[in-house]
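Note that this is a predicted model, so its numbers are computed, not measured. The figures here come from the full heavy-atom set of this structure, side chains too, leaving out hydrogens, waters and symmetry mates.
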Amino acid sequence: MSKLFRAVIMGPPGSGKGTISERIAHSFGLKHLSSGDFVRENISAKTEAGVLAMTYIKKGLLVPDHVMTRLLLPRLVEMTKYSWLLDGFPRTLAQAKALNSACDLDIAINLNIPLETLKERLRHRWIHPASGRVYNMCFNPPRVQGIDDITGEPLIQQEDDRPEALVARLRHYKDVAKPVIDFYKAKGILYTYSDTETDQIWPNICTLLSTRIPTIQSDARCASTP
């Protein structure tokens, strides 16, 4: 890869960010950087920022912007030799501006999925709390129902994935994400994709990236593979 390539992917809960991110990383050799993984690593290592983040998480609160930037930006500075895709950050306009000050992005991918599709996906979503691994009982179930494939530990369904909390959660995402979307649109790097199926969105994203990362040209890269 002759030029380093940096991108972010955005989308509401249940939009398929994780699946798309894994496909991009596998097909184009990018580093998949998950903000959730960074938070868990810092909490496990008991870093100053990780301990601070945990105080908010224990209260059921979102980790605020100044803590998230302390967790994420130093890690990105370490990635100067790599092309990467950032998943889960930025979530707010303040985070987007902080990221913009730290590095130049090539593309911001925005997944715009219909509300009914999101509600159906999240209704069947279970997670492994320690790792953040996500399963869907309809299209990505664990090998043993209710059990994480790797650790054998039990899966849980998050309270905010339950139907009574879901609409409010998605409405909050939309309100917070709109300024971020507008920010990247104004910079001319926003690409939005809408559909009810990840397999329908993926070929379009793959085609876009194939034109921006010319070392990868094979059409096979855009197949609907895991």
Side-chain angles (χ1 to χ4, degrees), residues 4-25 28 30-43 47-50 52-57 60-80 82-113 118 122 127 132 134 158 160 168-194 201 205 208-209 212-213:
L4 293 177
F5 182 85
R6 274 71 186 271
V8 297
I9 185 166
M10 302 176 292
S15 61
K17 291 192 304 295
T19 300
I20 293 291
S21 296
E22 289 173 6
R23 291 182 181 182
I24 291 173
F28 294 92
L30 305 184
K31 297 284 186 181
H32 174 201
L33 308 181
S34 164
S35 64
D37 288 347
F38 287 167
V39 172
R40 283 184 287 273
E41 288 170 8
N42 275 269
I43 290 173
T47 66
E48 183 181 350
L52 187 55
M54 193 61 187
T55 64
Y56 292 95
I57 294 170
L61 302 173
L62 291 174
V63 180
D65 294 336
H66 71 280
V67 179
M68 286 301 298
T69 53
R70 283 177 63 186
L71 286 168
L72 269 292
L73 296 188
R75 190 65 169 270
L76 296 180
V77 170
E78 298 172 359
M79 305 290 293
T80 54
Y82 298 96
S83 293
W84 46 254
L85 171 71
L86 185 52
D87 165 16
F89 184 95
R91 294 183 185 274
T92 68
L93 182 58
Q95 293 176 13
K97 289 181 176 179
L99 179 61
N100 185 64
S101 297
C103 62
D104 294 324
L105 292 180
D106 296 281
I107 284 176
I109 297 169
N110 177 41
L111 303 179
N112 181 26
I113 310 301
L118 296 173
L122 291 173
I127 70 164
V134 177
Q158 292 178 305
D160 52 7
R169 184 184 180 197
L170 294 174
R171 186 180 298 120
H172 174 74
Y173 170 83
K174 184 176 181 181
D175 291 342
V176 173
K178 187 179 186 305
V180 182
I181 292 169
D182 291 343
F183 178 74
Y184 287 130
K185 186 175 182 180
K187 290 176 67 66
I189 63 171
L190 181 74
Y191 294 83
T192 296
Y193 298 91
S194 302
I201 291 174
I205 292 176
L208 167 69
L209 294 181
R212 302 298 294 270
I213 310 175

Side chains of K187 and N100: donor-acceptor distance under 3.5 Å anywhere?
-> yes
Check the surroundings of atom CG in L62: do more than 12 heavy atoms from other residues, nucleotides or ligands lie under 6.0 Å from it?
-> no
Neighbour count above 12 (heavy atom, 6.0 Å) for F183 CZ = yes
Got L86 and L99 here, is their nearest side-chain heavy-atom distance under 4.5 Å?
-> yes
Would you say the side-chain atoms of Y173 pair up with the backbone N or O of G11, donor to acceptor, closer than 3.5 Å?
-> yes
Rounded distance (nearest 0.5 Å) linking atom CD1 of I109 with atom CG of L208 = 6.5 Å
Apply side-chain hydrogen bond (donor to acceptor under 3.5 Å, both in side chains) to T55 and list each qualifying residue two or more places apart in sequence or on a separate chain.
-> none
Kindly determine whether L52 and E48 satisfy side chain to side chain contact (heavy atoms under 4.5 Å, CB included), including the steps that lead there.
-> CA-CA 6 Å; L52 187 55; E48 183 181 350; 5.9 Å; no
Got a sec, which residues hit salt bridge (Lys or Arg N to Asp or Glu O under 4.0 Å) with K178, two or more places apart in sequence or on another chain?
-> D182
Take atom CZ of R91 as the centre, draw a 6.0 Å sphere, and report whether it contains more than 12 heavy atoms from other residues, nucleotides or ligands.
-> no
Donor-acceptor pair, R70 side chain versus G50 backbone, under 3.5 Å?
-> no
State, yes or no, whether a side-chain contact exists between M68 and V39 at a heavy-atom distance under 4.5 Å.
-> yes
Can you list every pair that meets salt bridge (charged side-chain N to carboxylate O under 4.0 Å, His left out) and has a residue in residues 101-112, with sequence neighbours left out?
-> K3-D106
Audit row: Y184, N110, side chain to side chain contact (heavy atoms under 4.5 Å, CB included) steps and yes/no | CA-CA 10 Å; Y184 287 130; N110 177 41; over 6 Å; no
Are T192 and N112 close enough that a side-chain donor and a side-chain acceptor fall under 3.5 Å?
-> no
